[in-house]
Amino acid sequence: MKLSHFFLSTTKEAPAEAEIVSHQLMMRAGMIKKLGAGIYTWMPLGVRVLRKVENIVREEMNAAGAVELLMPVIQPAELWQESGRWDKMGPEMMRIKDRHDRDFIVQPTSEEVITDIARQELRSWRQLPKNFYHIQTKFRDERRPRFGVMRSREFIMKDAYSFDVDKDGLMKSYNVMYDAYSKIFTRLGLEFRAVNADTGNIGGFASHEFQVLAESGEDVIAYAPDSDFAANLEMAEGVAPATPRAAASKALELVHTPGQKTCEDVGTFLKLPLEKQLKAMMYVSDSGFVLCMLRADHMVNEIKLGKVPALANYRPATPEEIEAHLGVEPGYCGPVPRHALKGNAAHPGQVIVVADRTAAAMADFVCGANESGYHVMGGNWGRDCAEPDVVADIRNVVDGDASPDGKGVLKLRRGIEVGHVFALGQAYSAKLGAKFLDKDQKEQVMEMGCYGIGITRVVAAAIEQNHDEKGIIWPQAMAPFAVVIAALGYDRSADVKAAADSLYASLSAAGVDVALDDRGERPGVMFAELELIGIPHRVTIGDRGLKEGMVEYQARRDTVATKVPLAEIGAFVTKALAS
RNA sequence: CGGGGCGUAGCGCAGCCCGGUAGCGCGCCUGGUUUGGGACCAGGAUGUCGUAGGUUCGAAUCCUAUCGCCCCGACCA
């Protein structure tokens, strides 16, 4: 591609609305243009990157035995009513009407349509397993689109759907997709982790998210550098401390802490670290009033809470409920009953005490005294209050926690979810009646899996992970051009033109994805633009070097250029591309 | 959908408080000089000040409504 025939439009400044670096750089590089909130035009430069990603995804999906088709963006409401999602989906799903006033949706995903195809086309066990996929535009009317194409309303997704005769088959299909995803993100040159994810409310029984590691990511993942353990924050188990609870060594003591309502306040006031304090969280669940105790520096995890039987259908307690059950305002709550201190009555109402594993292993702790303006010091489970009714993992893991697999400690990093594999089971196939006849001529419901990759998001995630102060640094596999020839003075030097044209012709003939910058721009402008748009390999040809028969090669990450004889540059570039 | 903020030239912004002929930088156009790190000189074009009402002799500026966009907030590729 000659850049004089291409279309580049870069800017020095990013629009004020672009918050994160990938959005800023994509706007500055002229890859995308905003048309509305969460709606973007992909400009020529951006489309080249998009196609590179798509092609790699397509190749690996095909290699994994999936079959490509293309389902419509606009889908009739009936199918979605049949699956129940017409009512379930809420305003995130875009609904439209045609001229006959019939209801349609703009697809946010395609389980319904593919299951409809499966129930019509797949009638026999002999046709299974099957995996269909497409790469298609999606629309999700996000509550808050942001970060450019990272979280846009319209986006491009590769979604695949597998159909199997039984759960064993499904897990085989699932693992094939898991492996294919690993290959895809490896080929794309991204640093990523496959993390165990919550299967949530859809039902399913296995789920992994593929997270590109980047500081700006919206997800937090926990992983063990010493093993292959990696999980979403809500799935990473907070294991019990390795050492058992220490014996009580201090007497229970009531301390006056007027106005010290937060753990931070109390810690400062008593000159004690947060690790010595218990904090209380009050909830009301189907079981009644629940007092949850955590070490003060830990954060409660709401998804884990919901999995504790005593907290079924929980909600935060109101100040009135707290007063009624503990006889004290929030800020001074704890598990130690008042009678242990002052001979008062025990908790007036039934209270279930749920302690986090770490909290349950603490001794000589500080906590609220259930008396306004007072805390206790030297509190001990079993001695000053009952042992917790329930000990459970209810907190977010933190950096340095022991890994649940027993191998080393956890580290936390932020990630961008670019892919998700999900063993669905029969959730859709049962509802829509996707059945087949098995070997014994019995009708069976198919086992489904679904597998998504956010193609447009991958592009943004790659930039988040690969950039510097000058601009984007594309992994070679997804660069808009693999190599660019920067011809200095192409418009006025016959020597430069001849050398550049010749190299361009030979690289093109060799199948290299090469761009020739023949625009005759001033060198400063040219270099700045080529670095901004992130071409990974650059050959600079100028009169100065040609006099000595030399040109220069510089990889995007190199700090200095390498002089290469003109006669050898073709081979040099080919070698650089291969390494 | 709650809370906060912003709409002025293609982009980044000033002007608004205190009504009185709409400005700056980048970009764009013309000519010239330049040409290995976003050039310089000279000249030039570009706005119904988001939209609709209202107040006023007069509104970018004050008032009302409305639309759009951005940021913070309970899991989405």
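Chain letters run A, B, ... following the sequence lines, proteins first and then strands; every chain starts at 1. Computation of the quantities below employed the complete heavy-atom set of this structure, encompassing side-chain atoms and omitting hydrogens, waters and symmetry-equivalent molecules.
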Say we look at [N] and [M]: how far apart would their [atom1] atoms be, to the nearest angstrom?
N	M	atom1	value
B/U34	B/U48	C1'	41 Å
B/A42	B/G20	P	32 Å
B/A77	B/U35	C1'	47 Å
B/A59	B/U64	C1'	14 Å
B/G38	B/G27	P	12 Å
B/G68	B/A14	C1'	23 Å
B/C28	B/A52	C1'	33 Å
B/G50	B/C17	P	15 Å

NA contact type, [X], heavy-atom cut-off 4.0 Å: base, sugar-phosphate, or nothing?
X	result
A/E19	sugar-phosphate
A/S152	base
A/I453	sugar-phosphate
A/V418	sugar-phosphate
A/A486	nothing
A/T109	nothing
A/R146	sugar-phosphate
A/D219	base
A/E92	nothing
A/K138	nothing
A/R315	nothing
A/E17	sugar-phosphate
A/G520	nothing
A/G419	sugar-phosphate

Polar contact flag, side-chain donor to acceptor under 3.5 angstrom, [X]-[Y]:
X	Y	value
A/R556	A/N466	no
A/H467	A/E464	no
A/R85	A/Y428	yes

Partner nucleotide of [N] by Watson-Crick or wobble geometry (both distances under 3.5 Å):
N	value
B/G25	B/C11
B/C18	none
B/A60	none
B/C40	B/G32
B/C69	B/G5

Query - Residue whose nearest RNA chain B nucleotide is more 5′ - A/K33 or A/E142 - result: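 It is A/K33, whose closest nucleotide lies nearer the 5' terminus.
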Query raised in the report: When the nearest nucleotide of RNA chain B is assigned to A/H23 and to A/Q554 on a heavy-atom basis, which residue is associated with the more 5' position?
Result: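 Nearest-nucleotide comparison on RNA chain B picks A/Q554.
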Nucleotide [N], atom [atom2] - distance to [atom1] of [X] in whole Å:
X	N	atom1	atom2	value
A/L25	B/G38	CG	P	19 Å
A/E209	B/A77	CD	C1'	10 Å
A/K12	B/G10	NZ	C1'	15 Å
A/E521	B/G37	CD	C1'	13 Å
A/R153	B/A77	CZ	C1'	17 Å
A/E529	B/G36	CD	P	17 Å
A/M177	B/A77	CE	P	17 Å
A/R457	B/C75	CZ	P	14 Å

Let's see if you can work this out: which of [options] has an atom nearest to the side-chain heavy atoms of [X]?
X	options	answer
A/H420	B/A77, B/C71, B/C1	B/A77
A/A37	B/C70, B/G37, B/G38	B/C70
A/E13	B/G25, B/U35, B/C70	B/G25
A/R144	B/G37, B/G73, B/A77	B/G73
A/A16	B/A77, B/G38, B/G12	B/G12
A/R492	B/U35, B/G12, B/A39	B/U35
A/A528	B/A77, B/C11, B/G38	B/G38

Requested in this report: To the nearest 0.5 Å, tell me how far A/E529 CD sits from A/S9 OG.
Outcome: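 With rounding to 0.5 Å, CD (A/E529) is 9.0 Å from OG (A/S9).
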Query raised in the report: According to the 5.5 Å centroid and 30° plane-angle thresholds, does A/F155 stack upon the nucleobase of B/A77?
Result: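 A/F155 ring centre within cut-off of B/A77 base, planes near parallel; stacks.
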Report task. Kindly confirm or rule out a cation-pi arrangement of A/R95 over A/W86, judged by NZ or CZ under 6.0 Å from the six-membered ring centre and within 45° of its axis? Result ->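 That pair qualifies as a cation-pi contact.
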Query raised in the report: Does A/K470 place a side-chain N or O at less than 4.0 Å from the phosphate oxygens OP1/OP2 of B/G37?
Result: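 The answer is no; no side-chain N or O of A/K470 sits under 4.0 Å from OP1 or OP2.
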**Report entry** Any A/R522 side-chain nitrogen or oxygen under 4.0 Å from OP1 or OP2 of B/C40
**Finding:**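 Checking A/R522 against B/C40: no side-chain N or O falls below 4.0 Å of OP1 or OP2.
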Does [X] [atom1] have over 12 foreign heavy atoms under 6.0 Å away?
X	atom1	answer
A/K547	NZ	no
A/R143	CZ	no
A/K307	NZ	yes

Examine the base of [N] for any acceptor or donor lying under 3.5 Å from a partner atom in the side chain of [X], and report the outcome as yes or no.
X	N	answer
A/R28	B/G38	yes
A/R538	B/G37	yes
A/E552	B/G36	yes

Report task. Determine the sole option in A/K88, A/E112, A/E111, A/K431 for which the side-chain hydrogen bond (donor to acceptor under 3.5 Å, both in side chains) test with A/S83 is passed. Result ->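 The side-chain hydrogen bond (donor to acceptor under 3.5 Å, both in side chains) with A/S83 is passed solely by A/E112 among A/K88, A/E112, A/E111, A/K431.
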Requested in this report: Answer yes when A/R58 and A/E68 have at least one side-chain N-carboxylate O distance shorter than 4.0 Å, and no when they do not.
Outcome: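 Here A/R58 pairs with A/E68 in a salt bridge, since their nearest N and O are under 4.0 Å apart.
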